[in-house]
Amino acid sequence: MAASASTTAPTALQVISRIAASFLGGWLFVWGLTVFGISFGVWAGADYHQMESLMYLLAFVVFLVVFLWAYAAASLKRVWYVLAGGGALMTAAAWLLIPSLTA
Amino acid sequence: MFSSFRLSMTWMHTWVGLVLGYVLMVCFFFGALSVFDREIDRWAIPETRFEPQTLPSYDTMLRPIFEQMQPSRESLEEASARIGGRTPEFTPAAGFGAYTTHRDPVLELYSEYHVTNNPADPHDHVYGYATIDPRTGRQLPDDQLKIGSEFFYPLHFSLHFEWLDIGYWLVGIAALVMLAALVSGVVIHRKIFREFFTFRPNKQTQRSALDLHNLTGVVGLPFHFFFALTGLIVFAGIYFPVGHTMLEPVHELHEQREAAAKGLAFDPAGVPAPIASVDAMVEEAKRRWAARDMSGEVGYLGVTHVGDANSYVSVYRAGTDRVTLTGQGIHFNATTGAVILEEPSPSAVEGITDFMTGLHLQHFRHWMLRWLYVMGGLAGCACIATGFIFFVEKRKRQHAKAGVSGARWADAMAVTAVTGMVIAAVAILVGNRLLPAGLADRGVWEERIFWFAWLAALLHAAWRSAPVQQARIAPAWREQCWAIAVLAVAAVLLNWITTGDHLITTIGEGYWPVAGVDLSLLVSAAIAAFAARKLRLRELTATQPAGRTVDTAAEAAHA
């Protein structure tokens, strides 16, 4: 075990926020990535099921990375910005693309 | 919050691992048992103890059975709930399916019916199920619980907690945590190569538990990582249901286009039409597989849009000779018997997905690999169980001094998740042999025995973990080990008494499904009895002050 003393002890709220960021924030991010990846792929001419399979193969590896990062990152605020914000942005981008895919 | 990467990983590994570890035990243990789910079915339903069969004739045997099938009571009740309590009205069967594997003596049949009075969902369906003896066509009673394939197997991915798919979500979260625990475990330890060879059973429990935790974690690392990951991929559609939410219009359009491109009708024509000989189609499918150097038996046979001009028959190969799940499906026009489509080889991406899910679901025929899967699953259980023990051992002295009971409750939960779970699994087998044959809802009673046995183990563990608060060993571990030993031997004896199949006969005849379950039960009983005796010795030495502890509760605990 590392002997270096921990920085100030985290409050309960910080702990809950970090756990929520890892699970919920991580899920939002991967959701955004998955819908955006599929929409973008279909828009670029790929087959729907091919893109879905590809994104599902990647989804949980990405989830694992962002999940670990949510605990390792120094700034909790940044974790939330990237995961929830990034997830929302990618979802919105997919949402804008979708109407053109069924036209 | 954390001053270093390793500290953050340690914190996450400890706490997230502890909380989700209980779920992971269920996934790994019942996943390991699912490797032999068909064999456990044979043990539990003695009238199905005969050799695996190939698909019988559709034209002469299956068709009349299919035509008599009805939606199941549960399926109708669920449909009724969807349409506000009214009685669902349904069409004659719109789809039939028959599924078998190289390990199944019995054949499972499905039927599908359109619900006509659900305006909210014009595609609403109800389903019927039957299991038959393919040698005679006799239908088996549907209240017999297939303990392996219908109880243990779904338990490892749904926890039998179907409401809102909560069980699937808990298992998914646990699988993600397993991946994270493996990565963080490596980060915490660094000396990964040395962990391969380090096990010091004669050190303190805390030390030997950690050794075994690291050893099983490192040796099983590729296995554990792969199974957690592929398990998530199998149910990706539940965790990220994109095709039924945001991307539904894109998905629907794609399905229709794909069906059109394949020549497989997406919707019925509404015009009645007769069906040609399905047996001839099966023969043709086998001939085409053989021509591609993949001769084999049928794994799945399905009829879509039954009795309609758009009806087609799909024949899939049983995947006994390769890892990947692809079934080399061939589709026939049901009225003319002409081939509509021979499915092409999968693309690279689909090939990878089929391979990964195939490696998890193991439909192939390879008995040694099957046993390696069991060993991998049990190594996962040992890893998680020693994690619990390390957690408790590390804290129980401090907690005893401080007068807090955290370590005690963690230990009680660990007992419940480890020995309690095994008690429940063996109790359902004992119950299966003890319940009277004609009992109504016999399968439901078997499930109740399972859950009540587990609940009893929880209460016992809560009661008999009190000594942990004085930094001693919980007698609950030892007592539950004895319970496992007694129940497991009782299960083997009851099998003998109620069916006449004892080990000398089953081994003599080479009937390994039942012999294997019996032998596994006896081995479990021996390990449990050994563990219980060792634990007793430990309890005695541990009560002496500053006792130099000399044993392996860690090893005992995961038995």
Side-chain angles (χ1 to χ4, degrees), chain A residues 1-11 14-15 17-19 22-23 26-27 30-31 33-39 42-43 46-61 63-65 67-76 91 94-95 97-103, chain B residues 1-13 15-16 19 169 172-173 175-180 182-184 187-188 225 228-237 239-243 245-255 257-258 346-354 356-357:
Chain A
M1 297 297 124
S4 59
S6 177
T7 45
T8 51
T11 63
Q14 280 174 318
V15 172
S17 175
R18 206 169 274 269
I19 294 171
S22 70
F23 286 104
W27 187 87
V30 178
W31 171 273
L33 185 72
T34 308
V35 284
F36 179 72
I38 297 173
S39 312
V42 174
W43 177 79
D47 176 81
Y48 175 85
H49 270 143
Q50 302 280 329
M51 284 315 299
E52 193 187 57
S53 299
L54 179 66
M55 293 319 292
Y56 280 165
L57 282 177
L58 295 175
F60 301 100
V61 178
F63 205 154
L64 171 61
V65 172
F67 182 87
L68 294 171
W69 178 65
Y71 292 94
S75 162
L76 184 54
T91 307
W95 186 73
L97 266 177
I98 286 169
S100 68
L101 304 179
T102 50
Chain B
M1 182 162 141
F2 307 108
S3 58
S4 76
F5 178 55
R6 277 184 65 213
L7 275 184
S8 71
M9 290 296 103
T10 307
W11 187 91
M12 189 274 289
H13 188 98
W15 292 102
V16 184
V19 174
W169 279 94
I173 291 168
L176 176 71
V177 164
M178 184 73 200
L179 296 176
L182 289 168
V183 175
S184 55
V187 171
I188 296 166
F225 194 91
L229 180 63
T230 51
L232 284 166
I233 292 171
V234 168
F235 290 115
Y239 305 132
F240 296 101
V242 292
T245 53
M246 260 185 86
L247 289 166
E248 183 153 33
V250 189
H251 176 248
E252 280 284 303
L253 184 71
H254 176 267
E255 293 280 288
R257 280 187 186 155
E258 193 179 59
S347 69
V349 171
E350 284 164 346
I352 295 170
T353 305
D354 289 344
M356 291 182 82
T357 47

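We name chains A, B, ... by the order of the sequence lines, and we start the count at 1 in each one.
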Distance col, row A:T34:OG1 vs A:M51:CE, nearest 0.5 angstrom, shows 10.0 Å

Mind checking whether B:W15 and B:W11 have parallel, tilted or perpendicular rings, split at 30° and 60°? tilted

Structural part of B:M246 lying under 4.5 Å from a heavy atom of chain A: both

Run the ring-centre check on B:Y239 versus B:W169 and record whether the distance is less than 6.0 Å. yes

Would you mind checking which part of B:I233 comes under 4.5 Å of any heavy atom in chain A, side chain (CB onward), backbone (N, CA, C, O), both or neither? both

Best-contacting candidate, B:L253, B:L247, B:T230, against chain A by heavy atom pairs under 4.5 angstrom: B:L247

Heavy-atom check, side chain of B:V250 versus side chain of A:S39, under 4.5 Å: no

Non-hydrogen atoms of chain A under 4.5 Å away: do they reach the side chain of B:T245, the backbone, both or neither? side chain

A:Q50 portion near chain B, given a 4.5 angstrom heavy-atom threshold: both

Check each atom of A:V65 against the heavy atoms of chain B and say whether the ones under 4.5 Å are side chain, backbone, both or neither. neither

Answer with side chain, backbone, both or neither: which region of A:Y48 has an atom nearer than 4.5 Å to a non-hydrogen atom of chain B? both

is_close_aromatic(A:Y56, A:F60), centroid dist under 6.0 Å: no

Kindly assign one of parallel, tilted or perpendicular to the pair A:W31 and B:F240, based on the angle between their ring planes and the thresholds 30° and 60°. tilted

A:V35 portion near chain B, given a 4.5 angstrom heavy-atom threshold: both

Residue B:F225 versus chain A: region with a heavy atom under 4.5 Å: side chain

For the CD1 atom of A:I19 and the CD atom of A:Q14, what is their distance to the nearest 0.5 Å? 12.0 Å

Looking only at B:A180, B:A348, B:P249, most heavy-atom pairs under 4.5 Å shared with chain A are made by B:A180

For B:E255, is it the side chain, the backbone, both, or neither that has a heavy atom closer than 4.5 Å to a heavy atom of chain A? side chain

Bottom line for B:F5: the part with an atom under 4.5 Å from chain A's heavy atoms is side chain

Contact class of A:L76 relative to chain B, heavy atoms under 4.5 angstrom: neither

Of the listed residues (B:V187, B:L179, B:L232, B:V183), which shares the most heavy-atom pairs with chain A below a 4.5 Å separation? B:L232

Under 4.5 Å to a heavy atom of chain B? For A:T91 that would be both

If you tally heavy-atom pairs under 4.5 Å against chain A, which of B:L229, B:I352, B:L176 wins? B:L176

